[in-house]
Structures are given as structure tokens and as C-alpha cells.
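The structure under discussion appears below in the form of C-alpha cells.
As the structure is a prediction and not an experimental result, all values here were calculated from the model. Lettering follows sequence order; numbering is per chain, from 1. We use all heavy atoms of the structure for the numbers below, so side chains are in, but hydrogens, waters and symmetry mates are not.
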Amino acid sequence: MSQVSAPGPSPAPGEDAGGDEGDVVISVDAVTLRFGGLTSLSAVSLSQRRGQILAVIGPNGAGKTSLFNCLTGVYTPQEGSITFLDRSGKSTSIVGRKPHRVNRAGIARTFQTSRLFNALTAFENVKIGVESRMHTGPLGAMLRLPRTRREDRASDARATELLDFVGLRNRANDIASALPYGDRRRLEIARALGTAPEVLLLDEPAAGTNPSEKAELAALIRKVNSQMGVSVLLIEHDMGLVMALADRIVVLNFGQVIASGTPAAVQQDPAVVEAYLGAADPDEPGA
Amino acid sequence: MTAAPRRGSALRRLWTSEDARRGFACVVGGLVLAVMTGPEGSSTAPTSGFTGSLFHARVIGFIVFGLVLWGLITVRRRYATQVRAFSDKVTAAPRRLLPDKRVRAVVYLAVLAFAIAYPATLNSFWQEVLVDQIGVYVLLAIGLNVVVGYAGLLDLGYIAFFAIGAYSAAYWTGALPIHPPFHLNPFYAIPLAIIAAMLAGVVLGAPTLRLRGDYLAIVTLGFGEIIQIVATNLQGVTGGAQGVIGIPHFSIHLLGIHYDWGINSLPYYYLLLGFVVLVLFGFHFLENSRVGRAWVAIREDEVAAESSGINVLKYKVMAFAIGASTSGFAGMLEASKISFVEPADLTVQLSILILVLVIFGGMGSLPGAVVGAAVLQWLPQYLRVHPLLGFQQQDIYIYLGALLVVMMIFRPEGIIPSRRRKREIGLAEHGVGHADALSGQSGPVA
């Protein structure tokens, strides 16, 4: 782990100050999301510091995925603001942005059930991610202008590098659909990293993995965080993974933040124990 | 597989033999085909349709066809493993050699040399077919391939852009009732026709491509109809139902060189060949570029493409506009060649026909689009003028439809499929994703 935030005083429920190390990269402020009469998120506030691994946990139906979808531009919350601050200090509002523009701003994501480009090779999958940051247009492509060729070489190199980084170099020419489950997860992370994000959002990365895949995945997430300096926000059911990885944890229940803080602090929090952990063994959160 | 031997008459034994039954069905099928393709009956001689077909030398051809079909089916069933081993052996060399770039270049050069040399030996009928029926349709097919094959969008009004290109050509060369500010040589009207069609593509695409699924097909279908009706009824602008005449032929008057393409087909053929080769190069590079890969990503998984930073709408509009401009280009060339545009020719059937050419050839594959268009456009002409077969012109679409059905059963990926597309269809059959907009979300789920 690159850094462990100092155990500070736990903020009041319903708010999350994000610890006190580093500058804020994502700030969610009083976000409320409704579907008709159903309030999925109510006045959720949280913030993530740069370089941090932040985990959002909560029982089924707590609003984790809704929050995730708000952060990636899939849903537009009715109230509140979501702000992303990039390295240069420019702030971007995420609310109302389309997913591809959220990605452009610097927030990449993976999916709960992996959504790779199945008929393409692992290499091509990553290259598509890398190329979304390039500029070649149709005319340049048809005429094979010098810039097109330059960008092509650059994205080839970057895609190879990223496959290497996630440990899939020898699988570069395999068709994505033929890869084993754990490799698919890692490939998805490589594709997301291809878009050069500052924050990587992982939607239940460990869902459906076996213990050894899970350990590899945890190591990879840590490596992404420490070596690439990418902040990680993950939504996860697997408490083992969350406790091992997260610098900070935000707990949602019924669309509200009920607790936040370091893993140790959250584990002790009576509200959390009651809402989430209390029912069962901490490693088996009734997922 | 033959039925177990039984006691009984030889006839009965024959009838219980599956091979014999299948053979009988094939021959009857051949005879039915002979009657269907034969001359029509008339009120004075109502049976002439039958007699003219069955008591004519051409019936032998159809019986032979039936027997050959039976032979093929039987051999395939009886000797399936041997057949597969044989076909593997035959295709081993091409499969080994074709990925090699140099081998492929040699093949393409040989095809090009043939395409340059052979047409000069044909008579004027076939030269005309080569331009009006094959060349123009090849160009149309490779354009629609960008929309349907690369981006996975179903465009059923593709011919509307052909019409826009053709009428633009008519406008800028001064053949329409309304006159342009200055008259242009057809060559200079090419970019203007392309731009007009492209703009039409953007204007139609930008609002409709936001919609998912079948909406695009319906909107484009409607657009095709609208263009045809406008061309028919806007008499003061388009010349109305009787069409526009007098669109000038291509000509060069440059640096002392004077050349007029005139009324013969062969010069147009070479002009078209040149353009098609250029477009093929462009589209080949496009397919293997950032843009081409973005299209594949959108086709495979729109949500994932979006989250990977791809502006889905922009790339869809791009594909749509590139297809539209190719169609406009083809319309422009054809208008100048036959110096005539008629709204009645610009039917929805034509849009569907071009879609069929692309599907037949293999969606997403450039060689497929070329071969598909060339074969499917050549075949009806051949069947029509063949002295023995002599198919009726008005029947030909029945056979094309049947051919397409057979094709979809045995080779859904087309004659020369693209590697990616073939994989997608394979995956879709196993319930992983859907191959494209054409198969929708309701594909078979394993």
C-alpha cells in the first residue's frame, strides 16, 4: 500500500471529509438520486484524496451501484454536485456529463460483469482504450498521414506496456472471450488504464473470482495505486479484499452514508456492525 | 444412412432408401425450378408455361442440376470426414499463405491485372453490365459496408444518398430546371456531390443515431421514401417523374489534352476502377485505424466503448456520413455515365439489394463487399441472357432471396468474411454478445 491514512476522528455520519492527507480528487456533495418515488441516494457526501484507495461498501440495495453510476455519468442525480479535480487543479463537474466525457476528464471504470470487446484480442482491447486519447480522424486514417502512423506506433507501445503491467503480455494475441476469468478482469483494468485516468473506479472487481485470482487482483490494484499513482475507488462486497486494500472506507446503507474512516475504525463502528457486519461473520457479509 | 433391408418389392426397397428419396426430391426440385424459370403461360395456351419448360432442351440442365445437388448432398453425408479432410487439404495452402502480406499483394495485383485486361475483350453488352450493374454497385456496397459492416448500423435508405449525389451532379452541370451560379465539368462536381451526400448523412444521422436499435432502420427507410417522393413531385426543381436528361459525360480539357468519356462503357469502367481502387485503399486503412477500431468497439459493446472514452454518437455519425458520401459519389458517377436520373429507379428495393450484396459478401469485409456485389450483380444478368437457362428478368429476385436464405443457413458470415465478424457471429451463437445491430439483442442464448 502506498500510504495509509492516519486514524483520525471519525466524521459525523452522512458526511465524509476523506481523511486529511493530500488534495481532494473526487468530491461528492449532497447527492440525491431518485427513481420516481424511490430515493436511491439521499444527500450522500464523500470525498476522495489523491492517491488514496477508497472503498464504498454496504449491503445489497444500499445504493453502491447507483453512486457508481452517478460517478461515471450513467445516471444524473437530481440534487447535489460531483466534482473532479485533476492534477493541474482544474475542476470538472461530473453531473450531467456523458460517460465518454467523464472518461475524458480522467475517471476510468470497470464493470461488475466484465464487458470486454469479446471478438478482439487482448492487445486490441487495450489499444482501443489507449487510442481514445489520440486524435486521428477519418481523413488522416484513410490517407495514412504521418501523424496517424506516429499515433499508431505510440498506442502500440503503450498497449504493450500496459499488458505487461497487468501481467498479460504473453496473452496479447489471445481473443478476449477465450481468456480465463481472472485474466479478463485484469484485461479490463488494463483497458481502463489505457485511457490514462487519474481515478480508477472498480465495480466489484473480485466478484466471481477464486481465492488465488482474488489475491492477484488485490496485488494488481495495489500496484496500480502505488506505481501509477492512480487513485482507486472501489465498490466491493468482499470484506477481506476491502479490509486488505482500502485506505479509507465509506459505508452506505439505505442510500445514506452511515460511517466512514479507516478500515479499523469502520469495523468498530456500531452503526456499521448493526447495518452490515452484525448479522454475520465479517468475511461473509451475506452477499 | 440406408434403411434396414426389408423384404418386399424392389420399388419399395428403393422408396425406403433415404438416398433414393433424397435424389427424387432433388430431381423434382430441379423440374420445379425449370417450370418457375421457364416461359409464362398465356390465356390462349394456358399450359404453355409447363410444356415450354418441360419439353425444352433446358430441362436437361435442371435435371442435371438436381442430380449434381443430390450427389453433393450424398457425398457430404456419407463421407463427411473424408470431405472435411479433403477440403482442409485443398485450403491448407491458401490458409497458410494468405496471411503473408507479399502473397496477398500478389493476389491483389493479379486480380487488378485481370480487372484491367479482361473487360476489353468483352462485347458492349457485358461492358455496360460491368459499369452500370457491377462497378457502381461495388462502390455502393463498399460504402454501405462502412455503415453496416464496420459500425453495425442498419441503413435501409442508402439509395437516398445515391439520389442526392446524382441530383447534385445534375444541378452543378446545369441539367436541372434550376440553374447553379456557374456550370461545372462533371469532374469538378464530384467533390460537391460527395459533400452534399455527406451533409445529408450528417443531418439525418445526428438526431437519429442517438436512438438505439431498430429506430435507425425505420428512419432511414422513411428517408429513402421521402427522397424518392420529393424527386418525383418537386417538378420545378428536379424535373419531376420523367427525370432529368442531359447530364454531361466526363471530359478532360487540360493542358492541351482533350478527352471525352462519351457513350461507350469501357472508358467509364476504367474511371470507375480507378476510383474504386482508391476508395478501397482508403477504407482498408480506415478499418485498421483508430477510427475503425472505435467502430468495432461500439459494435461489440456500446456501453464499454463509451466508458473507454469513445464518443459513440460522433463515430456513428462519422460512419453514416462516410457511407452516405460513397453512395453520393456512386450516384454522381452513374448520373454522368448514363446522363440521366429518374426517380422511379431510386426505390427502397435498391437500398435492400445493396444491403443484400454486403451481407452476401461478408459484412465488415472489403474483399467480401467487392466479390459479393460483383457476383450477385453478375449472376442475374448471366442467368437472364444464358441461351439455355434464360431466366425471366422479373423472377430474378426470387432466386436471390432463396440464395440469401441458403447462405444464411450454411454460411451466415458471408462469402469472404472478416476475421472479426466471423468471431463475433461464433460468439453470438454461443450467447456471448450480439454480432451487430442487425441481429439485435434477441440472439440465441446458450
Heavy-atom distances under 4.5 Å only: say whether B:Val303 touches chain A with side chain, backbone, both or neither.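 For B:Val303, the contact with chain A is made by backbone and side chain together.
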Charged N to carboxylate O under 4.0 angstrom, B:Arg290 versus A:Glu151?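 The answer is no: the pair does not qualify as a salt bridge.
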Roughly how far, to the nearest 0.5 Å, is CG of A:Asn103 from CG of B:Asn311?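 That separation rounds to 11.5 Å.
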Nearest 0.5 angstrom please: A:Ser177 OG to B:Glu300 CD, how far?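 A:Ser177 atom OG to B:Glu300 atom CD measures 8.5 Å (nearest 0.5 Å).
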Are any non-hydrogen side-chain atoms of [X] and [Y] less than 4.5 angstrom apart?
X	Y	answer
B:Ser307	A:Thr72	no
A:Thr148	B:Phe285	no
A:Asp152	B:Ser289	no

Residue selection (most heavy-atom pairs with chain B, distance under 4.5 Å) from [options]:
options	result
A:Met134, A:Arg191, A:Arg101, A:Lys98	A:Met134
A:Ala192, A:Pro138, A:Gly129, A:Gly140	A:Pro138
A:Ser132, A:Ala119, A:Gly137	A:Ala119

Under a 4.5 Å heavy-atom cut-off, does chain B meet the side chain of A:Leu120, its backbone, both or neither?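 A:Leu120 touches chain B through backbone and side-chain heavy atoms alike.
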Under 4.5 Å from any heavy atom of chain B - which part of A:Thr136: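 Contact with chain B is through both the backbone and side chain of A:Thr136.
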Could you pull out the closest heavy-atom pair between A:Ala141 and B:Leu286, with the gap in Å?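 Heavy atoms of A:Ala141 and B:Leu286 come nearest at CB-CD1, 3.8 Å.
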Verify the neighbour count for atom CZ of B:Phe187: are there more than 12 heavy atoms of other residues, nucleotides or ligands below 6.0 Å?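 It does: B:Phe187 CZ has more than 12 such atoms within range.
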Assess whether atom CZ of B:Phe281 is packed by more than 12 heavy atoms of other residues, nucleotides or ligands within 6.0 Å.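 No, CZ of B:Phe281 has 12 or fewer neighbouring heavy atoms, counting only those of other groups under 6.0 Å.
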Under a 4.5 Å heavy-atom cutoff, which of B:Asp301, B:Asn288, B:Val296, B:Val312 has the most pairs with chain A?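 Going by pairs under 4.5 Å, I would pick B:Asp301.
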